[in-house]
Each structure stands twice: as C-alpha cells, then as structure tokens.
Amino acid sequence: MIYTMMQVCKETDLTYQALKFYCNEGLIPNVRRDKNNRRIFDEHNVKWIKDLVCLKKCGMSIQEMKEYLELCLQGESTIPQRKEMLTQKQEALRLSIKELEDSVAYIDWKQNFYDEVLTGKRPYVSNLIRVEE
C-alpha cells in the first residue's frame, strides 16, 4: 500500500509539519516521490515513522534519532549500540516515573491533610504563617 503525507499523518498522529520536518532532516530514508514530486510512503516507511514517534516520546532528540537511524542502517552488527541507547533512555524514563510517583504521593498526602483540617480531625498548621507563642 502507498500512503500520502496526509494519510501518514493520520496513521501516526504526526502533524503535517512534523512529518515534513522529519523527512527534511533525513530521518525517513527511502521516501519516494510520485509523478507530481509529492512524497509517497510504503508500509515500511509508516512502521519506521511510528518508531520515530515512540523514540521522540522516549525523550530522544533529533540528533539522537539520527544516530539511532545511522546505526539501524548499518545492520545487525550495531544492535549492541542501539540497545545501549535504548537502555539509557529507559533508565531516564524510570527516573521520571519515580519522580512523578513521588509528586503524586505528595499531592495525596497534602489532600489528606486538607481533608483532615476541613473535617476537624487535625488543626491547621502552616509553615508560612507564623503563630506567636
């Protein structure tokens, strides 16, 4: 199957501008053009573009995606380097998840504190408002 730019955008949730940027940056190799010089994509292109979208969500920069692409184009021998790149992103994502979980836990604690103050279960204490003793 052959896809137009707009069809690829719908399939991958990319904006037209983002897809064009990726093409212009050389992140999508082997893109052909039709008789009217418009880009056309095949199934392999679409699958790779979906991979790019995931890599972006994983926090890869455009430069890192280019490096990853270059390794992919070199074939199987570069799998160890690609695994290392992904491991680094995975560790960063796990740290981000931990930080988000800590933030949610803080909000849970604070909401519980406020609930207890509002229901009279505990007195209101503020670190910002000084009480003369």
Side-chain angles (χ1 to χ4, degrees):
M1 176 152 179
I2 300 299
Y3 298 83
T4 65
M5 289 275 290
M6 290 308 291
Q7 288 169 324
V8 171
C9 290
K10 284 181 186 153
E11 190 75 22
T12 61
D13 286 330
L14 279 176
T15 64
Y16 187 91
Q17 292 80 6
L19 180 57
K20 187 174 178 182
F21 177 78
Y22 282 4
C23 288
N24 290 341
E25 287 293 313
L27 284 168
I28 309 167
N30 308 317
V31 174
R32 297 183 327 231
R33 293 189 178 257
D34 65 12
K35 62 183 186 319
N36 297 317
N37 203 33
R38 290 184 292 237
R39 290 180 180 98
I40 52 173
F41 304 84
D42 62 21
E43 291 285 336
H44 298 287
N45 298 133
V46 174
K47 286 178 182 171
W48 171 247
I49 294 164
K50 287 179 179 180
D51 285 350
L52 287 175
V53 170
C54 286
L55 293 174
K56 184 71 176 164
K57 288 179 182 176
C58 290
M60 270 199 191
S61 67
I62 297 298
Q63 186 55 44
E64 288 171 318
M65 286 192 271
K66 286 180 179 181
E67 291 168 21
Y68 187 82
L69 169 62
E70 286 304 313
L71 291 171
C72 290
L73 291 173
Q74 292 173 42
E76 191 175 332
S77 65
T78 64
I79 287 176
Q81 294 99 309
R82 288 183 262 165
K83 282 183 57 76
E84 179 55 32
M85 286 183 80
L86 294 175
T87 296
Q88 290 174 12
K89 290 300 167 193
Q90 186 178 48
E91 288 170 1
L93 287 169
R94 286 198 170 116
L95 180 60
S96 293
I97 289 168
K98 173 75 173 91
E99 290 171 350
L100 289 170
E101 286 172 341
D102 290 348
S103 296
V104 169
Y106 168 78
I107 290 173
D108 288 344
W109 173 83
K110 200 66 170 178
Q111 292 285 33
N112 186 57
F113 170 79
Y114 289 145
D115 288 342
E116 289 180 357
V117 168
L118 291 172
T119 59
K121 287 182 182 171
R122 78 164 43 196
Y124 178 68
V125 177
S126 171
N127 292 321
L128 299 174
I129 301 171
R130 302 264 183 236
V131 177
E132 296 299 322
E133 294 183 30

Does K98 form a salt bridge (charged side-chain N to carboxylate O under 4.0 Å, His left out) with D102? I'd like the steps, not just the answer. CA-CA 6 Å; K98 173 75 173 91; D102 290 348; 2.7 Å; yes
Please test K89 against L55 for side chain to side chain contact (heavy atoms under 4.5 Å, CB included), starting from the C-alpha separation and ending with a verdict. CA-CA 9 Å; K89 290 300 167 193; L55 293 174; over 6 Å; no
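Applying the salt bridge (Lys or Arg N to Asp or Glu O under 4.0 Å) definition to pairs two or more places apart or across chains, those involving residues 8-26 are E11-K50, E25-K66. Counting only residues at least two apart or on different chains, the salt bridge (Lys or Arg N to Asp or Glu O under 4.0 Å) pairs with a member in residues 107-120 are E116-R122. Each salt bridge (Lys or Arg N to Asp or Glu O under 4.0 Å) pair with one or both residues in residues 52-62, not counting sequence neighbours, would appear here, but there are none. Within the structure, the side-chain hydrogen bond (donor to acceptor under 3.5 Å, both in side chains) test picks out the following pairs touching residues 68-79 (sequence neighbours left out): T78-R82.
Here the closest non-hydrogen pair linking F41 and I28 is CE2-CG2, 4.5 Å. Residues G26 and L69 come closest through the heavy atom pair O-CD2, 3.3 Å. The two residues R39 and C23 make their nearest non-hydrogen contact at NE-CB, 3.4 Å. Across all non-hydrogen atoms, the minimal contact from L19 to C9 is CD2-SG, 3.9 Å.
With sequence neighbours excluded, the residues forming a side chain to side chain donor-acceptor pair (under 3.5 Å) with S61 are E64, listed by chain and number. Take E67 and apply the side chain to side chain donor-acceptor pair (under 3.5 Å) test, not counting sequence neighbours, and it matches no residue.
A donor-acceptor pair under 3.5 Å is absent between the side-chain atoms of N36 and the main chain of R38, judged by distance alone.
A single hydrophobic cluster is seen to contain both Y22 and Y16, as judged by linkage of ILVMFWY side chains at heavy-atom distances under 4.5 Å, directly or through other members. Cluster membership for V117 and V125, using ILVMFWY side-chain heavy atoms within less than 4.5 angstrom, is not shared. Placement of M60 and I97 in two distinct hydrophobic clusters is found when ILVMFWY residues are connected by side-chain heavy-atom separations under 4.5 Å, directly or transitively. Linking ILVMFWY side-chain heavy atoms closer than 4.5 Å, directly or via other members, places F21 and Y3 in a single hydrophobic cluster. In the hydrophobic clustering of ILVMFWY residues, with side-chain heavy atoms under 4.5 Å counting as a link, L73 and V31 come out together.
Rounding to the nearest 0.5 angstrom, the gap separating the CD atom in Q7 from the CD1 atom in I40 is 11.0 Å. Here OH of Y114 is found 14.5 Å from OG1 of T119. Values are rounded to the nearest 0.5 Å. Distance check, rounded to the nearest 0.5 Å: CD of E43 to CD1 of I2 gives 9.0 Å. Rounded to the nearest 0.5 angstrom, K83 NZ and Q88 CD are separated by 13.0 Å. Put simply, CG on N112 and CD1 on I107 are 13.5 Å apart, with the number rounded to the nearest 0.5 Å. Note that the CG atom of L27 and the CG atom of D51 stand 12.0 Å from one another [nearest 0.5 Å].
When the shell of 6.0 Å around CZ of R33 is examined, it contains more than 12 heavy atoms from other residues, nucleotides or ligands. N127 CG: 12 or fewer foreign heavy atoms inside a 6.0 Å radius.
Looking only at side-chain heavy atoms (C-beta outward), M1 and V46 stay at 4.5 Å or farther from each other. The closest side-chain heavy-atom distance from I49 to L14 is below 4.5 Å. No side-chain heavy atom of W48 sits less than 4.5 Å from a side-chain heavy atom of N30.
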